[in-house]
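Note sheet for the following structure.
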Amino acid sequence: MCQCSQTRDTDVPLPALQASISRLMTLYHVQPCPGKAHAIVRLIGTLLEHPEHEHWEPMADIYQHLLQTWSSIAASSRKGCPRPMPVSSAAVH
């Protein structure tokens, strides 16, 4: 049984949450993957519900737009993450 403490996403400091979203967006653009897109949607939703976010009211529209955009990306992405093509031994020679 895991003795790990359970951390809610809203317990994460707002700047760390924003940094995580930015990093995932960058990783997605380097190698698109539906799992990353869905994680971005979840984190943006968490950011919008974050207790510190109420002090960032001007940003709410921007994050709402991001949520809509990434929800669309996640919905349209194909199943499964792309995997690198295996290198055949014939290609090595």
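Residues Leu48 and Ala60 share a closest heavy-atom pair of CD2-O, 4.1 Å. Between Ala74 and Val41, the shortest heavy-atom distance links the atoms CB-CG2, 4.1 Å. Gln18 approaches Leu47 most closely through the heavy-atom pair CG-CD1, 3.5 Å. Of all non-hydrogen atoms in Lys36 and Gln31, the two that sit nearest each other are NZ-O, 2.9 Å.
Note that CG of Leu27 and NE2 of His29 are 10.5 Å apart. Values are rounded to the nearest 0.5 Å. Between the CZ atom of Arg42 and the OG atom of Ser71 there is a distance of 13.0 Å, given to the nearest 0.5 Å.
In terms of the side chain to side chain contact (heavy atoms under 4.5 Å, CB included) criterion, Ser72 has no residue partners (sequence neighbours excluded). Looking at residues two or more places apart in sequence or on another chain, you find a side chain to side chain contact (heavy atoms under 4.5 Å, CB included) between Gln68 and His65. Applying the side chain to side chain contact (heavy atoms under 4.5 Å, CB included) rule to Ala39 yields the partners Leu24; only residues at least two apart in sequence or on another chain are considered.
Within the 4.5 Å cutoff, the side chain of Ile44 has heavy atoms near those of the Met25 side chain.
The hydrophobic cluster containing Ile73 does not contain Val30, counting ILVMFWY residues as joined when their side-chain heavy atoms lie under 4.5 angstrom apart, directly or transitively. Under a hydrophobic clustering in which Ile, Leu, Val, Met, Phe, Trp and Tyr are joined whenever their side-chain heavy atoms come within less than 4.5 Å, directly or via other members, Trp70 and Met59 fall into the same cluster.
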